[in-house]
Amino acid sequence: MWKWLHPYAKTERAYQLCQILQPWFWAGALLCLAVGTVWGLAFAPQDYQQGDSFRIIYIHVPSAILSMSTYVAMAVAAVVGLVWQWRTAFMAMIAMAPVGAVMTFIALFTGAAWGKPMWGAWWVWDARLTSELILLFLYLGVIALYGAFDDKLQGGKAAGVMALVGVVNVPIIHYSVEWWNTLHQGATISKFDKPSIAPEMLWPLLLNLLGFALFIAAVTVMRMRNEIILREMQRPWVKAMADKAEGDRHAV
């Protein structure tokens, strides 16, 4: 596996891979989100207790799951960057950070909107809510720490260390409903043997989960392409690409 990935330690190869993957990620994200959202909001049956208010699950659950998954992916990129000294790994890490922060904010916002009719309050210092809020601060900390360095390689290393330290919060978020007595409900779709949700509600949720994942991937590779161009502006291959784009523009 590492032999297959090793060529993408080079910025030019990583840029080319991002260029190839980006349209596929966008197409998959738009398709899955369109089908999943319309199916969930318009055709899935009402919940027998919550009525139509449960439909926020099609935004809240994918964003909450992927806020944690993105942070884990960011930590993995940090490990690769720190151990194998891949600059592209640090670029991938910092490309993911704002996207993960937005997912975390969406999870917190939609959770508050869902909690108001269910719990009677927009916010309670529930274990899962509090640890999810900490996750948002960790994302913002990684972004701020990276931005504080003029030397982006050193900034990537410092932000990578912070990302690795913060990853301990992810299992706390996941298991908080089991470790503490909280208002937040337990697992639903992660119980694959017997999910706590009807199949006609589950399938659009899974589609939206995949759609959100592909959306995150699409935005990440787009941001990574920009990061590579900014960092490698003086490299011959970047200059050649810029000259070609300028020539094409004048030809049109």
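Quick note: numbers below take in every heavy atom, side chains included, and nothing from hydrogens, waters or symmetry partners. Residue numbers count from 1 along this sequence. Quick caveat, the model's predicted, so the values are computed rather than measured.
The pair Arg223-Glu227 fails the salt-bridge criterion, with no side-chain N (NZ, NE, NH1 or NH2) lying under 4.0 Å from an Asp/Glu carboxylate O.
Of all heavy-atom pairs between Ala163 and Ala75, the closest is O-CB, 4.3 Å. Nearest heavy atoms, Cys32 versus Leu210: SG-CD2, 3.7 Å. The shortest non-hydrogen separation linking Gly100 to Thr70 is CA-CG2, 3.9 Å. Considering all non-hydrogen atoms of both residues, Gly155 and Tyr146 come closest at C-CD1, 3.6 Å. When every heavy atom of Ala77 is checked against every heavy atom of Ala89, the shortest pair comes out as O-CB, 3.3 Å. Closest heavy-atom contact between Ala29 and Gly211: CB-O, 3.6 Å.
Met233 belongs to a hydrophobic cluster whose remaining members, ordered by chain and number, are Leu230; membership requires side-chain heavy atoms of ILVMFWY residues under 4.5 Å apart, directly or through intermediates.
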For a side-chain contact (heavy atoms from CB on, under 4.5 Å) check, start with the C-alpha distance between Phe212 and Ile59, then their side-chain angles and the critical distance, and finish with the verdict.
CA-CA 9 Å; Phe212 269 83; Ile59 305 298; 4.2 Å; yes

Go through it in stages, so that I can follow the logic: the residues are Tyr139 and Met74, the test is side-chain contact (heavy atoms from CB on, under 4.5 Å), and I'd like the CA-CA distance, side-chain angles, deciding distance and then a yes or no.
CA-CA 10 Å; Tyr139 273 120; Met74 195 171 70; 3.9 Å; yes

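Distance check, rounded to the nearest 0.5 Å: OG1 of Thr104 to CD1 of Ile134 gives 12.5 Å. Here Leu145 contributes atom CG and Leu140 contributes atom CG; the two are 12.5 Å apart, rounded to the nearest 0.5 Å. Atoms CG and CZ, from Leu205 and Arg55 in turn, are 12.5 Å apart once rounded to the nearest 0.5 Å. For the atom pair Leu21 CG and Gln16 CD, the distance stands at 12.0 Å (nearest 0.5 Å). To the nearest 0.5 Å, atoms CG (Leu209) and CG (Leu214) are separated by 10.0 Å.
One N or O on the side chain of Ser131 and one on the backbone of Arg128 form a donor-acceptor pair closer than 3.5 Å. Side-chain atoms of Thr37 never come within 3.5 Å of backbone atoms of Ala34 as a donor-acceptor pair (strictly under, hydrogens ignored).
Counting heavy atoms from C-beta outward, Leu82 and Phe90 have side chains that approach closer than 4.5 Å. Annotation: side chain of Tyr58 is not in contact with side chain of Leu207 (no heavy-atom distance under 4.5 Å). You'll find the side chain of Val38 reaches within 4.5 Å of the side chain of Phe43, heavy atoms only. In this structure the side chain of Leu129 never reaches within 4.5 angstrom of the side chain of Leu133, judged on heavy atoms. Within the 4.5 Å cutoff, the side chain of Asn169 has heavy atoms near those of the Ile172 side chain. Side-chain contact check for Val79 versus Leu164: some heavy-atom pair is nearer than 4.5 Å. Using a 4.5 Å heavy-atom threshold, the side chains of Phe215 and Phe25 count as separate. Using a 4.5 Å cut-off on side-chain heavy atoms (C-beta onward), Ile57 and Trp114 make contact.
Identified under the salt bridge (charged side-chain N to carboxylate O under 4.0 Å, His left out) test for residues 77-89, with sequence neighbours left out: Arg87-Glu232. Applying the salt bridge (charged side-chain N to carboxylate O under 4.0 Å, His left out) test to residues at least two apart or on different chains, none of the pairs has a partner in residues 130-155.
Ile143 and Met103 fall into different hydrophobic clusters, defined by Ile, Leu, Val, Met, Phe, Trp and Tyr side-chain heavy atoms under 4.5 Å apart, directly or through other members. A single hydrophobic cluster is not seen to contain both Leu30 and Trp24; linkage of ILVMFWY side chains at heavy-atom distances under 4.5 Å, directly or through other members, places them apart. Taken together through direct or relayed side-chain contacts under 4.5 Å among Ile, Leu, Val, Met, Phe, Trp and Tyr, Val83 and Met93 form part of one hydrophobic cluster. At a threshold of 4.5 Å between side-chain heavy atoms, the hydrophobic network of Ile, Leu, Val, Met, Phe, Trp and Tyr places Leu108 and Trp125 in one connected group.
Relative orientation of the Phe109 and Phe105 rings is parallel, given thresholds of 30° and 60° on the angle between their planes.
Considering Ile94, Thr88, Thr11 as possible partners of Met224, the one that fulfils the side-chain contact (heavy atoms from CB on, under 4.5 Å) test is Thr88.
Counted within 6.0 Å of CH2 on Trp203, heavy atoms from surrounding residues, nucleotides or ligands total 12 or fewer; the atom is thus considered open.
With sequence neighbours left out, the side chain to side chain contact (heavy atoms under 4.5 Å, CB included) criterion links Val170 to Met68, Tyr71, Val72, Val167. Listed by chain and number, the residues in a ring pair (Phe, Tyr, Trp, His ring centres under 6.0 Å) with Tyr15 are Trp237 (sequence neighbours excluded). Every residue two or more places apart in sequence or in another chain that forms a side chain to side chain donor-acceptor pair (under 3.5 Å) with Gln22 is listed here: Arg225.
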